[in-house]
K.L.:
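For reference, the structure I am asking about is given below.
Convention: sequence-line order gives letters A, B, ...; per-chain numbering from 1. Below, all heavy atoms of this structure are taken into account, side chains as well, without hydrogens, waters or symmetry copies.
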Amino acid sequence: MSFIKEFLLFLKVRKKYWLLPIIVFLVLFGGIIVLTQGSAVAPFIYTIF
Amino acid sequence: MKSILGISAFYHDSAACILIDGKIIAAAQEERFTRKKHDPTYPHNAIEFVLKFANLKLNDVDQIVFFEKPFLKFERLLETYVAFAPRGFISFAKAMPLWIKEKLFQKNLLFNKLKEHDMNYISDKNIFFSDHHLSHAASAFFPSPFDEAVIITADGVGEWATTTVAIGKNENLEIKKEIHFPHSLGLLYSAFTYYTGFKVNSGEYKLMGLAPYGNPTYVDKIKKIVDIKDDGTFRLDQKYFNYATGLTMTNNNFHNLFGQKPRDSTHDKIDQFHMDIAASIQNVTEEIMIKISRAVREEFGIKNLCLAGGVALNCVANGKILSEKIFDNIWIQPAAGDAGGSLGAALALWHVESKNKRIVNKNDDMNGSYLGTEFSQKEIEKELHTLGANFEILNYEDLINITSENLLNEKAIGWFQGRMEFGPRALGNRSILGDPRSDKMQKNLNLKVKYRESFRPFAPSVLREDLSEWFDMNVDSPYMLLVANINSKKTIEMTNEQKKLFGIEKLNVKRSEIPAVTHVDYSARVQTVSRNTNKHYYDLLKRFKEKTGCPVIVNTSFNVRGEPIVNSPTDAFNCFMGTELDYLIIGNCFLDKKKQDPKLKKDYINEFELD
């Protein structure tokens, strides 16, 4: 719960509400990716993330 | 008493540090404990060490601060993917699970990991998040000996910023200018590191070491992909790069422009092309750093410069900024990479956020960067006994005498004293030492002790008082982050025939009185040693000078290629038994390789993944 609060506050401060639909989409579909993939492995070259 | 725990992790080079009332008490990188180079995982061992050193339990710590902001990083990622869509879908599909599973919930992740240190730690209310480049800037300014300075930070990328200019005055620090991703000097250098067949994030040193063998013939081509303005600001033409959305650094446009595919280090040898590419990108990097330095000097009129961020580890560029005399004084954070972010985050919280007064230390506040682990003579002897080592215990005078005697007999010596260094350089406490006057020392150390490429140069440690006699420099360089030329009185001019020698063959020509530390362009990465920062090492240098007239020693980190610098006496003994080091000195213990049980020898070459 505190995560959602903090994230909404972040969007407000950054004035980046347009990211919200992308994030909702990601959480829904990302959940599926996570479930199907099993483990999350970073690309091997340069982790820009 | 107020304590702050600084943490950097989950990217590369995770580390922890602890401040008590704003004073740096201890700092260490996780790789030294896990023995995994550039270990990016949660720094459990490093945190355990700094807490133990400060005699604190986690629940006693007042504030905990992480070196960057995960939400901002996520924002940058999403916006980058949107901007480049539909390119980058594969990278996106690989990145998102990691973020949605872990990285987005970093506060929670941190809290859960932190609880493992102390069951009484039950609230995440004291966890804070700094900004990546603010952390770098704070690590460069607050420990510096200046009350006012311009701070330039440059690295691959933090949240959005890749290069920043900040102004520090007393306890205030403010970022004034930023260059944002994907335009990054660090990533540009890394792109060429990748292109020349070295590992990104660790092979940048090799590219820098290779540069003097080449000619900067590709500068014009590089300038086709980097637009550099007069004030040093730059734009990278993304048509040539793949890092923003792909899984490699460069793309086919880049390869076609330079005329070759990236070098495959498993098959392809380094040739003149790679040396010329290295020389060219080094030249462009220096041009950008010098232009930025000139512009900020002119704009802000401040005479002191501080540097941090991975690009600040490019000691050749630092040396050029120094020799251009743009600033009166320069100070570079010894842990300029992300490990130092833990320190900067803690200092930023103490001074910038909490407005605590800063007292400037004219010698700087880094304690010579000797902020890591230390072992008492009793602990050392106990560990060595357990390992089955054969050793003698010498008094201090004999220790210095015998070590200097062995050095001048061209022996390779492992030297382990006092507290471990924080940052990537060994500064005389976890070092391998040799005689710089020896013709064969560079080759021997590279191939028999360090198992690394023969083109890589070694660095000299020199008595501070003799610096300008031997090198064209007269400022402190205690952290080995400045490159200077060997004083012309000590150089040996090459004959016309020798000058024609190809690349690495030049290295075998004796070009100065201290050939083991003289690079092909007569430069050296200098560490100045003074009595007040490292008495043992100073005394050794002094004794070596008394015996030989030479106040210089070869100093390279105590490890082999791909291995983190040794942390404990056990690590040191393992490295000693796995390489052709002749002697090992730990505290007052003296170990002779010939007297060790041959059964204890190790196959060390295959132990560590090559970097």
K.L.:
With sequence neighbours excluded, tell me which residues meet ring pair (Phe, Tyr, Trp, His ring centres under 6.0 Å) with B/F198.
P.N.:
none
K.L.:
Could you pull out all donor-acceptor pairs under 3.5 Å where a side-chain atom in residues 15-26 of chain A meets a protein atom, sequence neighbours excluded?
P.N.:
| residue | atom | partner | partner atom | Å |
| --- | --- | --- | --- | --- |
| A/K16 | NZ | B/E75 | OE2 | 2.8 |
| A/K16 | NZ | B/E79 | OE2 | 2.7 |

K.L.:
For B/L104, which atoms come within 4.5 Å of any heavy atom of chain A: side chain, backbone, both, or neither?
P.N.:
both
K.L.:
Heavy-atom pairs under 4.5 Å with chain A are the metric here; pick the option from B/L72, B/N108, B/I90, B/V82 that has the most.
P.N.:
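Heavy-atom pair counts peak at B/L72.
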K.L.:
Measuring from atom CZ of B/F105 to atom CZ of A/F7, what distance do you get when rounded to the nearest 0.5 angstrom?
P.N.:
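Between B/F105 CZ and A/F7 CZ, I get 9.0 Å after rounding to 0.5 Å.
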K.L.:
Counting only heavy atoms not in B/Q260, do more than 12 fall under 6.0 Å of its CD?
P.N.:
yes
K.L.:
Does a sphere of radius 6.0 Å around NZ in B/K113 hold more than 12 heavy atoms from other residues, nucleotides or ligands, not counting ones at 6.0 Å or beyond?
P.N.:
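Open.
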K.L.:
Walk me through it: do A/E6 and B/F71 pass the test side chain to side chain contact (heavy atoms under 4.5 Å, CB included)?
P.N.:
CA-CA 9 Å; A/E6 277 176 25; B/F71 284 176; 4.1 Å; yes
K.L.:
Do the non-hydrogen side-chain atoms of A/F10 and B/F74 ever get within less than 4.5 Å of each other?
P.N.:
no
